[in-house]
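Structure record follows, encoded as structure tokens.
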2 protein chains.
Amino acid sequence: MTSHQPRKSAQQGRAKATMAAIVEAAARLLETQGGARLTTNHVAELAGVSIGTLYQYYPNKEAVIAAVLRREKAALLAGFEDIIARGLGPKSTIDALIDATLAHQYTRPRLALALEYIEPELGLLVEDHARDRRLVALVAQVVIEVAPDADARAAQDLVAICRAITNTAAMSGETDPTAIAPRLHRAVSGYLGLHA
Amino acid sequence: MTSHQPRKSAQQGRAKATMAAIVEAAARLLETQGGARLTTNHVAELAGVSIGTLYQYYPNKEAVIAAVLRREKAALLAGFEDIIARGLGPKSTIDALIDATLAHQYTRPRLALALEYIEPELGLLVEDHARDRRLVALVAQVVIEVAPDADARAAQDLVAICRAITNTAAMSGETDPTAIAPRLHRAVSGYLGLHA
DNA sequence: CAAAGATGTGAGTAAATGCTCAGGTTCTCA
DNA sequence: TGAGAACCTGAGCATTTACTCACATCTTTG
């Protein structure tokens, strides 16, 4: 049973920087070459550390990729929590969540795509799925205020819809988020039945 | 420059069956183990042919996977064309297209998922993207009748939406297409602004 | 400062994997 | 029926790749 957790945690600042460099190198390789061609030796080289150092912190290749995934998902989740903490009205909150999703996805579009495609091959841990559910739960909590018959499935659908439109747009070469935002808002309010 | 086209075409029936067996074996491995763990030796073994035979027809591993992808996409496209040929009204046609998409995706959900995730790593040929555009164009052609301001992007969004909802549902363990269909219809008519 | 611990190195290994090739078997057709 | 074409075989090569380990260097702490 191979775990995808880091092998040990860095104690000195130097080691923290090393781990971060490894994760960032993996991210860069993911967005330039995709997951199939990513090798641990390559990651170490790009990170400027030896292969031995990589394996000191990450027990296997999947753990490195999982670390990238967690870094990105944690950032998105944090953004969501920030927005909700602002305590805007439900409609404004939903709008903000959509924009945050779009911004997050478009900051590094090729990375977001690669991660999306690699995730199901990764056999993630329970805690990772828990984070996903938490994100969906956050959305559900807001959505229910404007559409009382919405449930967790509806929230899941909405997240999936936003990601799909954004990814497809990015993949087909659209480079302007401004052109995508209205489509996301339309899709969401359409799904929820919020006419005008 | 590696091509993903078959190396040569089968002339005898026996060879046609061999090629089909290889493609089906690859499909089975895709849905049971995902793309990362699929090896050509494994495909040949499961197909009941020797590795040499596999490479007689497919120049490399990607060509085998691309063949699976083409088989599935061709089936979906054919279904779409059938529906449109029926000449129903635009609203009924759209409903039928949605149901066809759902059925196609749920016939072998894990295969559909794996293919979706492997496609961008595959560097497909021009002709393959042409098929995608044709499918989108078919949708656009119908959609424009009920929503005159819709364009190819809208059609692309709609296809993406349907796939995303279905995939996410399948991935989160939903096994009942009946529960998914209404959500697809709602998402589509919501996006198009058709609130009955 | 000196010891102990934390961190980093990189050549090397075992295994997996894509793919070839020399030669066999089955089919077609005059 | 026999010769050529189409089809199939599978041992094995060359390469790639995940990962280890014995050792070196840096950092902290008593």
Side-chain angles (χ1 to χ4, degrees), chain A residues 1-26 28-30 32-68 118 121-123, chain B residues 1-26 28-30 32-68 118 121-123:
Chain A
M1 176 73 197
T2 69
S3 162
H4 296 154
Q5 279 175 343
R7 186 170 261 166
K8 68 181 191 187
S9 55
Q11 315 217 326
Q12 305 174 1
R14 174 172 55 135
K16 279 215 178 349
T18 298
M19 289 186 75
I22 290 170
V23 172
E24 177 54 27
R28 281 236 245 284
L29 287 177
L30 277 175
T32 57
Q33 313 191 340
R37 260 159 255 161
L38 181 147
T39 72
T40 48
N41 291 290
H42 226 110
V43 169
E45 186 188 349
L46 186 60
V49 302
S50 80
I51 182 65
T53 296
L54 187 151
Y55 278 98
Q56 190 166 28
Y57 294 108
Y58 301 99
N60 48 52
K61 180 178 152 181
E62 281 83 31
V64 178
I65 300 176
V68 180
I118 226 173
E121 311 238 299
L122 220 56
Chain B
M1 177 72 200
T2 69
S3 162
H4 297 153
Q5 278 173 342
R7 185 170 262 167
K8 69 182 190 186
S9 55
Q11 314 218 326
Q12 304 174 1
R14 174 171 55 136
K16 280 217 180 343
T18 298
M19 289 186 75
I22 290 170
V23 172
E24 176 56 27
R28 281 236 246 283
L29 286 177
L30 278 175
T32 57
Q33 313 191 340
R37 260 159 254 160
L38 181 146
T39 73
T40 48
N41 290 291
H42 225 112
V43 169
E45 187 187 348
L46 186 60
V49 301
S50 80
I51 182 64
T53 295
L54 187 151
Y55 278 99
Q56 190 167 26
Y57 294 108
Y58 301 99
N60 48 53
K61 179 178 152 183
E62 281 84 32
V64 178
I65 300 176
V68 180
I118 224 173
E121 309 239 300
L122 219 55

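Sequence lines set the chain letters: A, B, ... in the order given, protein chains first and strands last, and positions in each chain run from 1.
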Identify each donor-acceptor pair in which a side-chain atom of residues 13-26 of chain B lies under 3.5 Å from a protein atom, sequence neighbours left out, and give them as a table.
unit_1: B:Lys16; atom_1: NZ; unit_2: B:Ala10; atom_2: O; d: 3.2
unit_1: B:Thr18; atom_1: OG1; unit_2: B:Arg14; atom_2: O; d: 3.0
unit_1: B:Glu24; atom_1: OE1; unit_2: B:Arg71; atom_2: NH1; d: 2.9
unit_1: B:Glu24; atom_1: OE1; unit_2: B:Arg71; atom_2: NH2; d: 3.2
unit_1: B:Glu24; atom_1: OE1; unit_2: B:Arg108; atom_2: NH1; d: 3.3
unit_1: B:Glu24; atom_1: OE2; unit_2: B:Arg28; atom_2: NH1; d: 2.9
unit_1: B:Glu24; atom_1: OE2; unit_2: B:Arg108; atom_2: NH1; d: 3.3
unit_1: B:Glu24; atom_1: OE2; unit_2: B:Arg108; atom_2: NH2; d: 3.0

Would you list the atom pairs, donor with acceptor, under 3.5 Å between side chains in residues 38-45 of chain B and any protein atom, with sequence neighbours excluded?
unit_1: B:Thr39; atom_1: OG1; unit_2: B:His42; atom_2: N; d: 3.1
unit_1: B:Thr40; atom_1: OG1; unit_2: B:Tyr55; atom_2: OH; d: 3.2

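Atom pair A:Gln56:CD and C:dG8:C1' shows a separation of 7 Å (rounding to whole Å applied). Whole-Å rounding puts the A:Met19 CE to C:dG8 C1' distance at 14 Å. Spacing between atom CG of B:Leu29 and atom P of C:dT17 amounts to 12 Å, rounded to whole angstrom units. Atoms CG (A:Leu54) and P (C:dG8) sit 11 Å apart, rounded to a whole Å.
Pairing each heavy atom of A:Tyr58 with each of A:Ala67, the nearest pair is CE2-CB, 3.9 Å. When every heavy atom of A:His4 is checked against every heavy atom of A:Leu122, the shortest pair comes out as CE1-O, 2.7 Å. A:Glu121 and B:Gly35 get closest at one heavy-atom pair: OE2-N, 2.9 Å.
Considering only residues two or more places apart in sequence or on other chains, A:Ser50 meets the side chain to side chain donor-acceptor pair (under 3.5 Å) condition with A:Thr53.
The stretch residues 39-49 of chain B touches DNA chain C through B:Thr39, B:Thr40, B:Asn41, each having a heavy atom within less than 4.0 Å of the strand.
Heavy-atom contacts from other residues, nucleotides or ligands closer than 6.0 Å to CZ of A:Arg7 number more than 12.
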Per-nucleotide protein contact string for nucleotides 20-30 of chain C (B base, S sugar-phosphate only, - none; heavy atom under 4.0 Å)
BB----SS---

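Among the heavy atoms of the strands lying under 4.0 Å from B:Tyr57 are primed sugar atoms or P, OP1, OP2 only; no base atom is included.
Rounding to the nearest 0.5 Å places NZ of A:Lys61 at 11.5 Å from CG of A:Leu54. Interatomic distance, B:Ile65 CD1 to B:Ile118 CD1, rounded to the nearest 0.5 Å: 4.0 Å.
Under the 4.5 Å side-chain criterion, counting only non-hydrogen atoms from C-beta, B:Lys8 is in contact with B:Tyr57.
For DNA chain D, the span of nucleotides reached by chain A at under 4.0 Å from its heavy atoms goes, 5' to 3', from D:dT17 to D:dT27.
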